[in-house]
Amino acid sequence: MTTNINFFKKELKKWYKKNQRSFEWRNSNNPWKILLIETLSQQTQIDRADEFYKKFIHKYPTPQHMARANKKEVLKLWSGLGYNNRAIRLHASSKVLAKYNFDEIYPDFTILPGVGPYTNSALLSFAYEKKVIAVDTNIKRIIKRFFKIDDLDTFLSKNTDMLLKNFKSRDFNQALMDLGATVCTSSNPKCKICPLELLCNKFIVKENKKSKRFEGSMRQKRGHVLKMLLTGKNVTKQSINKELEVTNKITDQILDSLMRDDLITISKNKVIVISDN
Ligand code: SF4
């Protein structure tokens, strides 16, 4: 195992030196910038997330700036990115951060809405230079394939110290994110050009495509309805049925799910609006 880990680190380091992608937030240890990009890049390609990051950091350079905005303004800037719950949670986090700064919350940022174990690790690694692995889908995939393991948690609890010895966690995490996005992709990994190929076990797990398709279609419909609401026109159940070409039942499901997430409210005269607070 030690030989494999040493090879993995050495080749990864070399590859990253030549192939790292450059983004403004990558060299920053400002936790607000890290939180912004990590929230924007969930379920979104990094180049697209970066376009939105530039708009967000310009308009909201600190949590205080975002906390002063209302939900609708934040959603408007978010428009086109999808998974709008992320915007709502980011806005809610900015309100917490306007009262307590990151250093006061450190080291457990999971008290912020929408911050789970992954984003918490990313903040610790990128903003506080802690020796932690930010286990995102790319990192998970590469480690599982290379070391041929099923139980990632047990593997990491035994080997994190060795993996990060003489390797900045920021570089380790970013290198694997880049390798996962460009070479060890989820389908059709490019093993022939991979720096890890020589010792890789290439243990490739098949994904459940059926459930992904279903999630995609519901997500799309929710996004479509929110887009209608952002135009400022009156939106009703009937107008949604017509625009999305769906039945009353489907529209009810979409509206229920948006109300559960506190994204919309329905007024007495049955007009639907984005909820604000
Ligand atoms: S050799 Fe193939 S499966 Fe192994 S890490 Fe590289 S791209 Fe992934």
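Order of appearance sets the numbers: ligands from 1, and atoms from 1 within every ligand.
- Each protein N, O or S atom less than 2.8 Å from atom 2 (Fe) of ligand 1 was counted, giving 1.
- Residues L263 and R222 approach most closely at CD1-NH2, 3.8 Å, considering heavy atoms.
- The stretch residues 40-49 participates, sequence neighbours left out, in these side chain to side chain donor-acceptor pair (under 3.5 Å) pairs: T44-R86.
- Under the ring-ring contact (aromatic ring centres under 6.0 Å, His included) criterion, no residue pair touches residues 248-270, with sequence neighbours excluded.
- For N241 and N248, the side-chain atoms include at least one donor-acceptor pair closer than 3.5 Å.
- Under the ring-ring contact (aromatic ring centres under 6.0 Å, His included) criterion, the residue pairs touching residues 169-199 are F167-F172, with sequence neighbours excluded.
- Under the 3.5 Å distance criterion, with hydrogens and angles disregarded, no donor-acceptor pair is assigned to the side chains of D178 and W15.
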